[in-house]
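Excluded from the calculations below are hydrogen atoms, water molecules and symmetry mates; all remaining heavy atoms, backbone and side chain alike, are included.
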Amino acid sequence: MEVQWILFCHGLVTLLVLVSFLCGQWPIFEGTPIQRIHHFLTFGAYDYFQRFVGFVFGAKGTNAISSVEYFCCDRPNPILQLIYLAIVGGTYFLVANSSFGYIPGYYIGEIHRYTSLLAVGVGVLLFLLTSFSDPGTVKADNVSQYLSAYPYDNIIYSEKECSTCKIPKPARSKHCSICDRCVARFDHHCGWMNNCIGERNTQYFMAFLLWHTLLCIYGTVAIGLILAGQIKEFKVIDILTVYYGIENSFRSLSPHVVQWLLGAYTTQILLMVFLAIVSLSLAGFFGYHAKLCLTNTTTNETFKWQEYVSWQRKLNEARASSAALKASINGMSSERKPPENKWRAMFRRSPLKDVEVVVKNNIYDKGFFQNILEIIMPLSRRQLSLRTKSKSG
């Protein structure tokens, strides 16, 4: 029983760390322990490490850390791409080495030896497509098609010039400081892909997330079926109920079955837990980005809208406070009125409650089907094909 609880607690801690690290900056986790853990993992721990190195090694140590940080975080590099390939290759090797010997089994057929390899191959192909495809680089020779594809909303996007590229900056674009280029419909820079996610490769990125979510679920279920087949083959349930007199119920049998599996198939159990946790994390990522795609919003625009709404709310509150103060001063300067009842003053409505609600007005949201079509077939690509047809016609 102790081993089961250790494994259970290990899984929960791993899930908490993964969710906090990958999703802790999402608005839904604002003010929660997950956000605080995310801040510690992404900033606090590194800050403490820098201080420690500076204290022990002085300026040379901090300069060395800065150089490594610049290489890893501030310029394109293949480190995370290699880590991804190592994780996928290592996991598939462990699954094949530890579990393929039990295929075919009671609940899983021989075909899964080949479908699993095909599934991993498709996942790697989507990874390569996302990593090496053009995200929609804006250049002087194609800036006109991006300018006509997305109009300025004059709220979070207005007509301006990119200070680095020295060309007009289309709406929804952003200059990526890591790649040093302007990207149309910029979503974010993905370190795992060593590439920006923009107008022309969002569909590959979404397919990558969905496929890897399903791939991890497939691996979890397949290993589960292999273990279920081993339980049936060795007649574990019959032995426990007949020879050991354990009650034939899930609650009574499950601790003993899990204990037997942990003793005989530890590698498979750990792989199954790992794949289940990763599938949950990837499903969260896919769900978040799917919501953005369905509302025709990008990650970059989400933060821009948060800043704009927060700024507008503060501005409206300042106006309401100013108006209330002005009215109060005017009331004091006018003829003296009888003193107001204290209870009525206590329950009087605050002027801040009358502040106008700031509404997000996303002009790029064209409805469910149009938004999906825009991901599958980007606007600039459609316009380019129309121009080609008109010229040929």
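Judged by distance alone, with hydrogens and angles left aside, the side-chain atoms of Q81 form a donor-acceptor pair with the main-chain N or O of M193 at under 3.5 Å. Proximity of a side-chain donor or acceptor of N201 to a complementary backbone N or O of G198 within less than 3.5 Å is detected. Using a distance-only test at 3.5 Å, with no hydrogens or angles considered, no donor-acceptor pair links the side chain of S158 to the main chain of N154. Remark: the backbone N or O of V17 is not paired with any side-chain donor or acceptor of S20 at under 3.5 angstrom. Panel note: side chain T297, backbone C293; no donor-acceptor pair is recorded below 3.5 Å. Put simply, the side chain of S252 never gets that close to the backbone of N248: no donor and acceptor are under 3.5 Å apart. Remark: side-chain polar atoms of N195 are paired, donor with acceptor, to backbone N or O of T130 under 3.5 angstrom. Distance alone, capped at 3.5 Å, is enough to place a donor-acceptor pair between the T241 side chain and the D238 backbone. A donor-acceptor pair is defined here as one N or O able to donate and one able to accept, closer than 3.5 Å; such a pair exists between the side chain of Y364 and the backbone of P151. Looking at D365, its side chain never comes within 3.5 Å of a backbone N or O of N296 through a donor-acceptor pair.
The hydrophobic cluster containing L117 also contains L128, counting ILVMFWY residues as joined when their side-chain heavy atoms lie under 4.5 angstrom apart, directly or transitively. Y114 and V122 are not part of a single hydrophobic cluster, where members link through side-chain heavy atoms under 4.5 Å apart. Taking hydrophobic clusters as Ile, Leu, Val, Met, Phe, Trp and Tyr residues chained together by side-chain heavy-atom distances below 4.5 Å, V138 shares a cluster with Y152.
Listed by first and then second residue, the salt bridge (charged side-chain N to carboxylate O under 4.0 Å, His left out) pairs that reach into residues 41-63 are D47-R51, sequence neighbours excluded.
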For a side chain to side chain contact (heavy atoms under 4.5 Å, CB included) check, start with the C-alpha distance between R185 and I375, then their side-chain angles and the critical distance, and finish with the verdict. CA-CA 10 Å; R185 199 185 179 276; I375 297 298; 3.6 Å; yes
Test side chain to side chain contact (heavy atoms under 4.5 Å, CB included) on N371 and L294 and set out the steps.
CA-CA 6 Å; N371 293 341; L294 294 177; 5.6 Å; no
Any chance you could lay out the side-chain hydrogen bond (donor to acceptor under 3.5 Å, both in side chains) test for S380 and Y150, step after step, and finish with the verdict?
-> CA-CA 9 Å; S380 62; Y150 299 105; over 6 Å; no
Next on the checklist: With side chain to side chain contact (heavy atoms under 4.5 Å, CB included) as the criterion, how do I239 and F234 come out once you've worked through the C-alpha distance, each side chain's angles and the decisive distance to 0.1 Å?
Outcome noted: CA-CA 9 Å; I239 293 172; F234 287 100; 5.9 Å; no
(message) Please evaluate residues W192 and I83 with respect to the criterion side chain to side chain contact (heavy atoms under 4.5 Å, CB included), reporting the C-alpha separation (whole Å), side-chain torsions for both, the decisive distance (0.1 Å), and the verdict.
(response) CA-CA 8 Å; W192 290 101; I83 291 175; 3.9 Å; yes
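A heavy-atom distance below 4.5 Å is found between the side chains of S116 and Y92. No side-chain heavy atom of V258 sits less than 4.5 Å from a side-chain heavy atom of I269. In this structure the side chain of V183 never reaches within 4.5 angstrom of the side chain of S173, judged on heavy atoms. By the 4.5 Å heavy-atom criterion applied to side chains, P168 and E159 are not counted as neighbours. The side-chain heavy atoms of L227 and M272, taken from C-beta on, include a pair separated by under 4.5 Å. Taking 4.5 Å as the limit, some side-chain heavy atom of L271 sits within range of a side-chain heavy atom of S98. Inter-residue side-chain proximity for I178 and H189 is flagged as met; some heavy-atom pair is nearer than 4.5 Å. You'll find the side chain of L292 reaches within 4.5 Å of the side chain of Y288, heavy atoms only.
The aromatic rings of F40 and Y48 sit tilted relative to each other, their planes meeting at an angle between 30° and 60°. Relative ring orientation between F205 and F208 is described as parallel, the plane-to-plane angle staying below 30° on a 0-90° scale split at 30° and 60°.
A pairwise comparison of heavy atoms in A207 and L126 identifies O-CD1, 3.6 Å as the closest pair. P170 and L147 make their closest contact through CA-CD2, 3.7 Å (heavy atoms, listed as atom of the first residue, atom of the second, distance). Across all non-hydrogen atoms, the minimal contact from V120 to L215 is N-CD1, 4.1 Å. Taking each heavy atom of G123 and H212 in turn, the nearest pair found is O-CE1, 3.3 Å.
For the residue pair H256/Y244, the side-chain donor-acceptor check at 3.5 Å is not satisfied. When only modelled atom types and interatomic distance are considered, N194 and N77 share no side-chain donor-acceptor pair under 3.5 Å. Side chains of S99 and Y265: no donor on one and acceptor on the other come within 3.5 Å. If you check the side chains of Q50 and T62, you find no donor sitting under 3.5 Å from an acceptor. No hydrogens or angles considered: nothing links the side chains of Q230 and Y106 as a donor-acceptor pair under 3.5 Å. T137 and D134 share a side-chain donor-acceptor pair at under 3.5 Å. Donor-acceptor pairing under 3.5 Å is lacking for the side chains of T302 and T299. Checking Y157 against E301 by side-chain atom types alone, a donor-acceptor pair falls below 3.5 Å.
We find that R172 and E374 are joined by a salt bridge, their nearest charged nitrogen and carboxylate oxygen being less than 4.0 Å apart.
Distance check: I223 CD1 to F274 CZ gives 10.5 Å after rounding to the nearest 0.5 Å.
Other residues, nucleotides and ligands contribute only 12 or fewer heavy atoms inside 6.0 Å of the NZ atom of K174. Within 6.0 Å of CH2 in W305 there are more than 12 heavy atoms belonging to other residues, nucleotides or ligands. Remark: F57 CZ is loosely packed, at most 12 non-hydrogen atoms of other residues, nucleotides or ligands lying under 6.0 Å away.
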